[in-house]
Chemist: 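Got a structure for you, questions after.
Here is how names work: the chains are called A, B, and so on, in the same order as the sequence lines, proteins then strands, and each is numbered from 1. In what follows, every heavy atom counts, from backbone to side chain, and hydrogens, waters and symmetry copies are set aside. Here the structure is a predicted model, which means the values were calculated and not measured.
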Protein chains: 2
Amino acid sequence: MIMLKKIMLKKRGICTKTMNKSDLKLIAVLERTGGFASAQELHQILRREGDGIGLTTVYRALQSLVDDKIVDLLRREDGEAIYRLCGDTHHHHLVCKSCGDTVEIEGGAIEKWAKTMAEEFGFRDVGHTAEIFGICSKC
Amino acid sequence: MIMLKKIMLKKRGICTKTMNKSDLKLIAVLERTGGFASAQELHQILRREGDGIGLTTVYRALQSLVDDKIVDLLRREDGEAIYRLCGDTHHHHLVCKSCGDTVEIEGGAIEKWAKTMAEEFGFRDVGHTAEIFGICSKC
DNA sequence: TTGGAAATGATAATCATTTCCATTTTTGTG
DNA sequence: CACAAAAATGGAAATGATTATCATTTCCAA
């Protein structure tokens, strides 16, 4: 199955030459779950699936994927590091402050805004975060 | 001198009614140093100046200032929280992932987007967060 | 003055992340 | 295949920021 992943990565245009098994495992999980996940969460998912991978290895693999620009490193509000595959089309969230209900929404306007602003100030390699929170109709 | 600070705060349009001494001390330091500082750094500065304030109190004061939207909470690349006085207008940030340099930017597009999305899904009382991060021209 | 609420700060606990290091796995080579 | 060197692995301990606990102190209105 690792070979399968390698083929998928090639399709994505990612060079697998310098990757080891752990790197590929992490990529596989990130691919499957979509969106963001912290190192701890990724570790738990792998463990739950019967993989005996160690937490240290998860951190190491993520670090190397970030170095190779295969994975993006962001921060949750509390400072915890979260990771996602680069180039994923990502979505934003509309969160109810009362019941916690969450809706995934499109952010085309945001993408454009981020790009424009980054250009204006000479920033490159830009990413962004955006969230809307309020009270949903049920609450 | 606390009275002096209170006057300055009033000029800035900040209500001091709910503030205690620690809050004011933190505001004073942030005002003096400009820029960003972490809780640990702010604590050290105060200690160096002979103030016996405890680390716990520094964290508590900063938290309450953030809640009151008097202070902005951002993150350094390593996830450490850094604080600075808010400007008076609602703005967003363009942050350099490498050097931490920050530009305040306009977010008219975001305001509109947030409002539209909230309406579409029947949310009320909405607020939002949005940040752009990348590598600045100097780095 | 006094009683209770709020504030304070030392200490301990928590939690993500790193460091260390001994062990296992992989790889290249004859 | 054998085997040594290199790379990868993972458990345990260390680190460092942040938060929780709790006894003590300060503040303030009656």
Side-chain angles (χ1 to χ4, degrees), chain A residues 1-3 5-6 15-30 36-68 70-84, chain B residues 1-3 5-6 15-30 36-68 70-84 97 100:
Chain A
M1 89 254 8
I2 279 169
M3 193 45 65
K5 290 300 167 196
K6 283 205 177 180
C15 170
T16 59
K17 287 278 168 56
T18 66
M19 279 187 214
N20 56 33
K21 264 187 256 177
S22 306
D23 293 340
L24 293 171
K25 280 183 199 167
L26 267 297
I27 290 178
V29 177
L30 284 168
F36 302 98
S38 71
Q40 308 275 347
E41 287 163 357
L42 291 167
H43 180 236
Q44 279 179 17
I45 290 171
L46 280 166
R47 280 295 178 106
R48 206 177 303 134
E49 293 173 358
D51 194 310
I53 193 169
L55 185 55
T56 307
T57 305
V58 170
Y59 273 104
R60 239 185 323 234
L62 287 171
Q63 186 55 59
S64 105
L65 291 169
V66 168
D67 289 346
D68 294 347
I70 291 162
V71 160
D72 266 342
L73 188 169
L74 301 177
R75 294 275 163 193
R76 270 212 255 271
E77 190 133 5
D78 68 353
E80 189 177 356
I82 52 180
Y83 305 83
R84 74 159 179 212
Chain B
M1 87 241 26
I2 280 167
M3 192 47 63
K5 290 302 167 198
K6 283 203 176 180
C15 170
T16 59
K17 289 276 167 59
T18 65
M19 281 190 212
N20 57 33
K21 263 187 260 180
S22 305
D23 293 341
L24 294 169
K25 279 182 200 169
L26 266 298
I27 291 177
V29 177
L30 283 167
F36 302 97
S38 71
Q40 309 274 349
E41 286 163 358
L42 291 167
H43 179 236
Q44 279 180 16
I45 290 171
L46 281 165
R47 281 297 178 104
R48 206 176 305 134
E49 293 173 358
D51 194 310
I53 193 169
L55 185 55
T56 309
T57 305
V58 169
Y59 273 105
R60 241 186 320 237
L62 287 170
Q63 186 55 58
S64 106
L65 291 169
V66 168
D67 289 345
D68 294 347
I70 292 163
V71 161
D72 267 342
L73 189 170
L74 299 176
R75 295 273 163 193
R76 271 209 253 270
E77 184 137 15
D78 66 353
E80 189 177 359
I82 50 180
Y83 305 84
R84 74 153 179 208
K97 283 192 282 193

Chemist: Take atom CD1 of A/I82 and atom P of C/dT17, then tell me their distance rounded to the nearest Å.
Modeler: 10 Å
Chemist: Can you measure A/Q63 atom CD to C/dT17 atom P for me and round it to whole angstrom units?
Modeler: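 Whole-Å distance recorded here is 11 Å.
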Chemist: Side chains of B/I53 and B/L26: closer than 4.5 Å at any heavy-atom pair?
Modeler: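 Yes - at least one pair of side-chain heavy atoms lies under 4.5 Å apart.
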Chemist: CD of A/E77 versus C1' of D/dT18: gap in Å, rounded?
Modeler: 15 Å
Chemist: Can you check the B/L24 CG to C/dA7 P distance for me, whole Å?
Modeler: 12 Å
Chemist: Minimum heavy-atom separation for A/L73 and A/A81, please, with both atom names.
Modeler: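 Result for this residue pair: CD2-CB, 4.3 Å.
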Chemist: Mapping A/Y83 and B/L55 onto DNA chain C by nearest heavy atom, which one lands closer to the 5' end?
Modeler: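 In this pair, the answer is B/L55.
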Chemist: So for atom CD, which belongs to A/E49, do other residues, nucleotides or ligands contribute more than 12 heavy atoms lying within a distance under 6.0 Å?
Modeler: yes
Chemist: How close do B/L55 and B/H43 get, heavy atom to heavy atom, and via which atoms?
Modeler: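 Distance-wise, the nearest heavy atoms are N-NE2, 3.4 Å.
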Chemist: Using a heavy-atom distance cut-off of less than 4.0 Å, which residues of residues 42-54 of chain B contact DNA chain C?
Modeler: B/R47, B/G52, B/I53, B/G54
Chemist: For the residue pair A/Y83 and A/V71, what are the closest heavy atoms and their distance?
Modeler: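 Closest approach of A/Y83 to A/V71: CB-CG1, 3.7 Å.
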Chemist: Do A/D51 and A/I45 have side chains that get closer than 4.5 Å, going by heavy atoms?
Modeler: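 Contact flag for A/D51/A/I45 side chains = no.
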Chemist: Dump every N/O contact between nucleotides 20-29 of chain C and the protein below 3.5 Å, one line per pair.
Modeler:
residue: C/dT26; atom: OP1; partner: A/K21; partner atom: NZ; Å: 2.7

Chemist: Nearest-Å distance, CD (B/E80) to C1' (C/dA16)?
Modeler: 14 Å
Chemist: A/Q40 has an atom CD; how far is it from atom C1' of C/dT18, in whole Å?
Modeler: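 Answer to the nearest Å: 12 Å.
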Chemist: Can you see if the side chain of B/Y59 gets near the phosphate of D/dT18 - specifically, an N or O under 4.0 Å from OP1 or OP2?
Modeler: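 Affirmative; the distance criterion is met.
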Chemist: Would you indicate whether the side-chain heavy atoms of B/N20 and B/D23 approach each other to under 4.5 Å?
Modeler: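 SC-SC contact between B/D23 and B/N20 confirmed.
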Chemist: Whether A/N20 contacts D/dT9 is assessed here as follows: a side-chain N or O lying under 4.0 Å from the phosphate OP1 or OP2. Is that the case?
Modeler: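 Answer yes for this pair, as a side-chain N or O of A/N20 is under 4.0 Å from OP1 or OP2.
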Chemist: Who passes salt bridge (Lys or Arg N to Asp or Glu O under 4.0 Å) against B/R76, sequence neighbours left out?
Modeler: B/E41, B/E80
Chemist: Rounded to whole Å, how long is the line connecting atom CG of B/D78 with atom P of D/dA17?
Modeler: 8 Å
Chemist: Answer whether the closest heavy-atom distance between the side chains of A/I27 and A/M19 falls below 4.5 Å.
Modeler: yes
Chemist: Return the value, rounded to whole Å, for the distance between atom CG of B/L62 and atom P of C/dT8.
Modeler: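 Atom CG in B/L62 sits about 12 Å away from atom P in C/dT8.
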Chemist: Under 4.0 Å between any heavy atoms, over every strand shown, what does B/S22 touch: base, sugar-phosphate, or nothing? Just pick one.
Modeler: sugar-phosphate
